[in-house]
Number of protein chains: 2
Amino acid sequence: MEASGLYKCIADPQRLRILNLLEAGALCVCHMQELLKVPQVKMSKQLAAMKQLGLVESKREGTWMIYSLIAPINGLLRANLQYLRQAECSECNQLHRDLVNRNQLIARIAGANDDCPVSVCEKIGCS
Amino acid sequence: MEASGLYKCIADPQRLRILNLLEAGALCVCHMQELLKVPQVKMSKQLAAMKQLGLVESKREGTWMIYSLIAPINGLLRANLQYLRQAECSECNQLHRDLVNRNQLIARIAGANDDCPVSVCEKIGCS
DNA sequence: ACAGTATATACCAAACCAAGAATACAAAAA
DNA sequence: TTTTTGTATTCTTGGTTTGGTATATACTGT
(Lines give C-alpha, C1' and ligand atoms only; values in the text may rest on other atoms or scores of the structure.)
Protein backbone atom coordinates (compact mmCIF):
# COMPACT_ATOMS: atom_id res chain seq x y z
CA MET A 1 0.00 0.00 0.00
CA GLU A 2 1.23 3.49 -0.71
CA ALA A 3 1.82 5.84 2.15
CA SER A 4 -0.70 8.42 0.99
CA GLY A 5 -3.52 5.89 1.28
CA LEU A 6 -2.63 5.15 4.85
CA TYR A 7 -2.31 8.81 5.70
CA LYS A 8 -5.69 9.59 4.22
CA CYS A 9 -7.09 6.79 6.33
CA ILE A 10 -5.62 7.87 9.65
CA ALA A 11 -6.32 11.52 8.93
CA ASP A 12 -9.79 10.67 10.16
CA PRO A 13 -9.57 10.56 13.97
CA GLN A 14 -12.26 7.94 14.18
CA ARG A 15 -10.47 5.59 11.84
CA LEU A 16 -7.26 6.16 13.73
CA ARG A 17 -9.02 5.25 16.95
CA ILE A 18 -10.36 2.07 15.41
CA LEU A 19 -6.91 1.01 14.23
CA ASN A 20 -5.47 1.83 17.62
CA LEU A 21 -8.06 -0.39 19.26
CA LEU A 22 -7.51 -3.21 16.82
CA GLU A 23 -3.78 -3.17 17.34
CA ALA A 24 -4.50 -4.34 20.87
CA GLY A 25 -6.50 -7.27 19.50
CA ALA A 26 -9.56 -8.22 17.48
CA LEU A 27 -12.96 -6.71 18.21
CA CYS A 28 -16.45 -7.09 16.91
CA VAL A 29 -18.33 -4.26 15.28
CA CYS A 30 -20.86 -3.60 18.02
CA HIS A 31 -18.20 -3.36 20.68
CA MET A 32 -16.28 -0.84 18.62
CA GLN A 33 -19.49 1.09 18.16
CA GLU A 34 -19.94 1.13 21.88
CA LEU A 35 -16.36 2.17 22.55
CA LEU A 36 -16.35 5.01 20.04
CA LYS A 37 -20.00 5.95 20.45
CA VAL A 38 -20.57 6.06 16.77
CA PRO A 39 -23.68 5.05 14.79
CA GLN A 40 -23.69 1.59 13.27
CA VAL A 41 -23.78 2.69 9.67
CA LYS A 42 -20.78 4.92 10.02
CA MET A 43 -18.73 2.28 11.77
CA SER A 44 -19.61 -0.24 9.12
CA LYS A 45 -18.59 2.06 6.32
CA GLN A 46 -15.29 3.00 7.88
CA LEU A 47 -14.46 -0.63 8.45
CA ALA A 48 -15.33 -1.38 4.85
CA ALA A 49 -13.00 1.38 3.70
CA MET A 50 -10.12 0.04 5.74
CA LYS A 51 -10.79 -3.48 4.54
CA GLN A 52 -10.68 -2.20 0.99
CA LEU A 53 -7.34 -0.56 1.79
CA GLY A 54 -5.97 -3.87 2.97
CA LEU A 55 -5.52 -2.83 6.57
CA VAL A 56 -8.12 -4.97 8.30
CA GLU A 57 -9.92 -8.23 7.75
CA SER A 58 -13.15 -9.63 9.08
CA LYS A 59 -14.32 -13.03 10.14
CA ARG A 60 -17.94 -13.95 10.67
CA GLU A 61 -18.90 -15.52 13.96
CA GLY A 62 -22.63 -16.22 13.78
CA THR A 63 -24.28 -12.88 13.20
CA TRP A 64 -21.27 -11.11 14.63
CA MET A 65 -18.31 -9.83 12.68
CA ILE A 66 -14.87 -9.87 14.20
CA TYR A 67 -12.40 -7.38 12.79
CA SER A 68 -8.68 -7.50 13.16
CA LEU A 69 -5.58 -5.92 11.67
CA ILE A 70 -4.07 -7.89 8.84
CA ALA A 71 -0.76 -9.39 9.88
CA PRO A 72 1.95 -8.41 9.53
CA ILE A 73 0.75 -5.01 10.58
CA ASN A 74 1.59 -2.24 8.17
CA GLY A 75 4.92 -0.78 9.27
CA LEU A 76 4.01 2.83 8.72
CA LEU A 77 0.83 2.37 10.70
CA ARG A 78 2.66 0.77 13.55
CA ALA A 79 5.29 3.47 13.61
CA ASN A 80 2.59 6.10 13.86
CA LEU A 81 0.60 4.38 16.56
CA GLN A 82 3.80 3.94 18.48
CA TYR A 83 4.67 7.58 18.12
CA LEU A 84 1.23 8.80 19.09
CA ARG A 85 1.10 6.66 22.17
CA GLN A 86 4.27 8.20 23.45
CA ALA A 87 3.33 11.77 22.48
CA GLU A 88 1.32 14.47 24.20
CA CYS A 89 -1.75 15.78 22.43
CA SER A 90 -5.49 15.62 22.76
CA GLU A 91 -5.77 12.94 20.12
CA CYS A 92 -3.05 10.90 21.81
CA ASN A 93 -4.83 11.07 25.14
CA GLN A 94 -7.95 9.85 23.45
CA LEU A 95 -6.09 6.83 22.15
CA HIS A 96 -4.96 6.01 25.65
CA ARG A 97 -8.43 6.35 27.04
CA ASP A 98 -9.77 4.11 24.32
CA LEU A 99 -7.38 1.37 25.30
CA VAL A 100 -8.39 1.66 28.94
CA ASN A 101 -12.04 1.47 27.95
CA ARG A 102 -11.28 -1.50 25.81
CA ASN A 103 -9.83 -3.34 28.78
CA GLN A 104 -12.83 -2.49 30.92
CA LEU A 105 -15.17 -3.71 28.22
CA ILE A 106 -13.34 -6.99 27.91
CA ALA A 107 -13.34 -7.45 31.66
CA ARG A 108 -17.05 -6.74 31.83
CA ILE A 109 -17.80 -9.26 29.11
CA ALA A 110 -15.65 -11.84 30.82
CA GLY A 111 -17.65 -11.34 33.99
CA ALA A 112 -21.20 -11.35 32.63
CA ASN A 113 -21.07 -14.18 30.15
CA ASP A 114 -24.48 -13.51 28.62
CA ASP A 115 -23.10 -10.37 27.03
CA CYS A 116 -22.01 -11.96 23.82
CA PRO A 117 -21.66 -15.46 22.39
CA VAL A 118 -18.85 -17.52 23.86
CA SER A 119 -17.39 -18.07 20.41
CA VAL A 120 -17.07 -14.32 19.96
CA CYS A 121 -15.70 -13.91 23.43
CA GLU A 122 -12.96 -16.36 22.63
CA LYS A 123 -11.88 -14.50 19.54
CA ILE A 124 -11.61 -11.17 21.23
CA GLY A 125 -9.69 -12.51 24.16
CA CYS A 126 -12.06 -12.28 27.08
CA SER A 127 -12.86 -15.88 27.82
CA MET B 1 -1.21 21.01 15.91
CA GLU B 2 -3.38 17.94 16.01
CA ALA B 3 -2.22 14.81 14.33
CA SER B 4 -5.13 14.64 11.90
CA GLY B 5 -4.17 17.97 10.38
CA LEU B 6 -0.67 16.77 9.71
CA TYR B 7 -1.90 13.51 8.27
CA LYS B 8 -4.29 15.28 5.95
CA CYS B 9 -1.38 17.40 4.84
CA ILE B 10 1.05 14.61 4.09
CA ALA B 11 -1.68 12.47 2.55
CA ASP B 12 -0.99 14.55 -0.53
CA PRO B 13 2.20 13.18 -2.09
CA GLN B 14 3.16 16.55 -3.44
CA ARG B 15 2.98 18.21 -0.04
CA LEU B 16 4.93 15.35 1.44
CA ARG B 17 7.61 15.87 -1.16
CA ILE B 18 7.77 19.56 -0.39
CA LEU B 19 8.20 18.91 3.32
CA ASN B 20 10.84 16.32 2.60
CA LEU B 21 12.75 18.83 0.53
CA LEU B 22 12.43 21.55 3.13
CA GLU B 23 13.70 19.32 5.88
CA ALA B 24 17.02 19.36 4.05
CA GLY B 25 17.02 23.15 4.12
CA ALA B 26 15.18 26.26 2.93
CA LEU B 27 14.17 26.68 -0.69
CA CYS B 28 12.48 29.31 -2.78
CA VAL B 29 9.21 28.74 -4.55
CA CYS B 30 10.47 28.63 -8.10
CA HIS B 31 13.13 26.07 -7.29
CA MET B 32 10.56 23.84 -5.66
CA GLN B 33 8.40 24.26 -8.73
CA GLU B 34 11.29 23.14 -10.85
CA LEU B 35 12.11 20.18 -8.64
CA LEU B 36 8.55 18.89 -8.44
CA LYS B 37 7.53 20.01 -11.93
CA VAL B 38 4.34 21.52 -10.67
CA PRO B 39 2.56 24.66 -11.92
CA GLN B 40 3.15 27.83 -9.98
CA VAL B 41 -0.38 28.28 -8.77
CA LYS B 42 -0.57 24.84 -7.30
CA MET B 43 2.75 25.17 -5.53
CA SER B 44 1.75 28.50 -4.11
CA LYS B 45 -1.51 27.17 -2.78
CA GLN B 46 0.02 24.14 -1.18
CA LEU B 47 2.64 26.26 0.51
CA ALA B 48 -0.09 28.57 1.75
CA ALA B 49 -1.96 25.61 3.21
CA MET B 50 1.11 24.37 5.05
CA LYS B 51 1.86 27.84 6.33
CA GLN B 52 -1.67 28.06 7.65
CA LEU B 53 -1.12 24.74 9.38
CA GLY B 54 1.94 26.12 11.10
CA LEU B 55 4.40 23.80 9.40
CA VAL B 56 6.36 26.22 7.25
CA GLU B 57 7.23 29.89 7.21
CA SER B 58 8.31 32.25 4.44
CA LYS B 59 10.70 35.12 4.18
CA ARG B 60 10.78 37.58 1.34
CA GLU B 61 14.07 38.15 -0.44
CA GLY B 62 13.40 40.74 -3.12
CA THR B 63 10.74 39.25 -5.37
CA TRP B 64 11.69 35.78 -4.21
CA MET B 65 10.11 33.90 -1.37
CA ILE B 66 12.16 31.53 0.72
CA TYR B 67 10.27 28.80 2.52
CA SER B 68 11.51 26.74 5.42
CA LEU B 69 10.18 24.40 8.05
CA ILE B 70 9.31 26.08 11.31
CA ALA B 71 11.73 25.05 14.05
CA PRO B 72 11.54 22.95 16.04
CA ILE B 73 10.26 20.64 13.37
CA ASN B 74 7.00 18.93 14.20
CA GLY B 75 7.83 15.61 15.86
CA LEU B 76 5.24 13.58 14.08
CA LEU B 77 6.36 14.94 10.75
CA ARG B 78 9.95 14.13 11.46
CA ALA B 79 9.12 10.64 12.60
CA ASN B 80 7.29 10.02 9.35
CA LEU B 81 9.96 11.45 7.10
CA GLN B 82 12.48 9.35 8.94
CA TYR B 83 10.40 6.23 8.50
CA LEU B 84 9.75 6.83 4.84
CA ARG B 85 13.38 7.44 4.06
CA GLN B 86 14.30 4.09 5.48
CA ALA B 87 11.37 2.22 3.90
CA GLU B 88 10.86 0.66 0.50
CA CYS B 89 8.01 1.96 -1.60
CA SER B 90 7.51 3.98 -4.74
CA GLU B 91 6.78 7.12 -2.78
CA CYS B 92 9.86 6.60 -0.64
CA ASN B 93 12.06 6.25 -3.69
CA GLN B 94 10.65 9.48 -4.98
CA LEU B 95 11.66 11.22 -1.79
CA HIS B 96 15.19 10.00 -2.24
CA ARG B 97 15.34 11.13 -5.83
CA ASP B 98 14.03 14.52 -4.83
CA LEU B 99 16.87 14.98 -2.39
CA VAL B 100 19.40 14.02 -5.01
CA ASN B 101 17.86 16.48 -7.43
CA ARG B 102 17.92 19.12 -4.75
CA ASN B 103 21.64 18.68 -4.34
CA GLN B 104 22.20 18.89 -8.06
CA LEU B 105 20.15 22.03 -8.26
CA ILE B 106 22.09 23.67 -5.47
CA ALA B 107 25.37 22.70 -7.07
CA ARG B 108 24.26 24.10 -10.41
CA ILE B 109 23.24 27.38 -8.85
CA ALA B 110 26.52 27.61 -6.99
CA GLY B 111 28.34 27.18 -10.28
CA ALA B 112 26.40 29.57 -12.51
CA ASN B 113 25.95 32.51 -10.23
CA ASP B 114 23.57 34.37 -12.49
CA ASP B 115 20.92 31.78 -11.76
CA CYS B 116 19.42 33.57 -8.80
CA PRO B 117 20.22 36.56 -6.61
CA VAL B 118 23.17 36.11 -4.29
CA SER B 119 21.03 36.97 -1.30
CA VAL B 120 18.71 34.09 -2.16
CA CYS B 121 21.62 31.83 -2.83
CA GLU B 122 22.95 32.50 0.63
CA LYS B 123 19.70 31.56 2.30
CA ILE B 124 19.33 28.26 0.55
CA GLY B 125 22.90 27.25 1.19
CA CYS B 126 24.58 27.34 -2.18
CA SER B 127 26.93 30.25 -1.90
C1' DA C 1 -41.80 -20.17 8.33
C1' DC C 2 -41.11 -16.02 11.47
C1' DA C 3 -39.14 -12.70 14.27
C1' DG C 4 -35.03 -10.78 16.01
C1' DT C 5 -30.21 -9.35 16.02
C1' DA C 6 -25.87 -7.90 13.92
C1' DT C 7 -24.03 -5.99 10.04
C1' DA C 8 -23.78 -4.21 5.19
C1' DT C 9 -25.26 -1.63 1.15
C1' DA C 10 -27.81 1.83 -1.78
C1' DC C 11 -29.07 6.14 -2.31
C1' DC C 12 -29.18 10.98 -1.74
C1' DA C 13 -27.93 15.65 -0.10
C1' DA C 14 -24.59 18.51 1.97
C1' DA C 15 -19.93 19.65 2.69
C1' DC C 16 -15.57 19.70 1.26
C1' DC C 17 -11.50 19.76 -2.01
C1' DA C 18 -8.53 20.24 -6.23
C1' DA C 19 -7.26 22.27 -10.73
C1' DG C 20 -7.05 25.91 -13.82
C1' DA C 21 -7.71 30.60 -15.69
C1' DA C 22 -7.52 35.08 -14.78
C1' DT C 23 -6.02 38.64 -12.05
C1' DA C 24 -3.58 41.04 -8.32
C1' DC C 25 0.39 42.33 -5.80
C1' DA C 26 5.20 43.45 -4.54
C1' DA C 27 9.72 44.28 -5.68
C1' DA C 28 13.44 45.05 -9.12
C1' DA C 29 15.11 46.58 -13.55
C1' DA C 30 14.99 49.59 -17.33
C1' DT D 1 6.99 55.51 -14.91
C1' DT D 2 6.67 51.32 -17.28
C1' DT D 3 7.94 46.60 -17.69
C1' DT D 4 9.31 42.37 -15.97
C1' DT D 5 9.73 38.78 -12.64
C1' DG D 6 8.31 35.99 -8.85
C1' DT D 7 4.54 34.94 -6.11
C1' DA D 8 -0.32 35.10 -4.14
C1' DT D 9 -5.35 35.38 -4.40
C1' DT D 10 -9.93 34.95 -6.39
C1' DC D 11 -13.37 32.56 -8.79
C1' DT D 12 -15.37 28.83 -11.10
C1' DT D 13 -16.14 24.06 -12.03
C1' DG D 14 -16.06 19.24 -11.43
C1' DG D 15 -14.96 15.67 -8.38
C1' DT D 16 -14.63 13.22 -4.07
C1' DT D 17 -16.03 12.50 0.74
C1' DT D 18 -19.31 12.37 4.47
C1' DG D 19 -23.52 11.57 7.03
C1' DG D 20 -28.03 10.03 7.26
C1' DT D 21 -32.21 7.26 6.10
C1' DA D 22 -33.91 3.47 4.42
C1' DT D 23 -33.37 -1.08 3.02
C1' DA D 24 -31.01 -5.47 2.47
C1' DT D 25 -28.49 -9.57 3.96
C1' DA D 26 -26.95 -13.26 6.92
C1' DC D 27 -27.51 -15.80 10.60
C1' DT D 28 -29.95 -17.48 15.07
C1' DG D 29 -33.59 -19.01 17.83
C1' DT D 30 -38.53 -20.14 18.14
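Every chain is numbered from 1 and lettered A, B, ... according to where its sequence line falls, protein lines coming before strand lines.
Listed by residue number, there are no residues of residues 19-37 of chain B with a heavy-atom contact under 4.0 Å to DNA chain C.
Side-chain N/O atoms of Arg97(A) and Gln94(A) include a donor and acceptor closer than 3.5 Å.
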Would you be so kind as to tabulate the donor-acceptor pairs closer than 3.5 Å made by side chains of residues 21-48 of chain A, with sequence neighbours excluded?
{"unit_1": "Glu23(A)", "atom_1": "OE1", "unit_2": "Arg85(A)", "atom_2": "NH2", "d": "2.1"}
{"unit_1": "Glu34(A)", "atom_1": "OE2", "unit_2": "Arg108(A)", "atom_2": "NH1", "d": "3.0"}
{"unit_1": "Gln46(A)", "atom_1": "NE2", "unit_2": "Asp12(A)", "atom_2": "OD2", "d": "3.2"}

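For the pair Cys116(A) and Ile109(A), the tightest heavy-atom approach, listed with the atom from each and the gap, is SG-CG2, 3.8 Å. In terms of heavy-atom proximity, Lys51(B) sits nearest to Ser58(B) at NZ-OG, 2.7 Å. The shortest non-hydrogen separation linking Gly54(B) to Ile70(B) is O-CD1, 3.6 Å.
Considering only residues two or more places apart in sequence or on other chains, Arg102(B) meets the side-chain hydrogen bond (donor to acceptor under 3.5 Å, both in side chains) condition with none of them.
Think of the region where chain A sits on DNA chain D: with heavy atoms and a 4.0 Å cut, that region ends 5' and 3' at dT18(D) to dT28(D).
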**Asked** What does nucleotides 25-30 of chain C look like as a protein-contact string, B for base, S for sugar-phosphate only, - for none, at under 4.0 angstrom between heavy atoms?
**Response** -SBS--

**Complete:** Whether each nucleotide of nucleotides 17-22 of chain C has a protein heavy atom under 4.0 Å at its base (B), only at its sugar-phosphate (S) or at neither (-) is summarised, 5' to 3', as --BBB-

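The NE2 atom of His96(B) sits 13.0 Å away from the CG atom of Asn101(B) when rounded to the nearest 0.5 Å. The structure places OH of Tyr7(A) at 14.5 Å from OG of Ser4(B), a figure rounded to the nearest 0.5 Å. A distance of 8.0 Å separates CG of Leu77(A) from SG of Cys9(A), quoted to the nearest 0.5 Å. Annotation: the span from Leu99(A) atom CG to Arg17(A) atom CZ amounts to 10.5 Å, rounded to 0.5 Å.
Distance alone, capped at 3.5 Å, is enough to place a donor-acceptor pair between the Asn80(A) side chain and the Leu76(A) backbone.
Between Lys123(A) and Glu61(A) there is a salt bridge, with a side-chain nitrogen of the basic residue lying less than 4.0 Å from a carboxylate oxygen of the acidic one.
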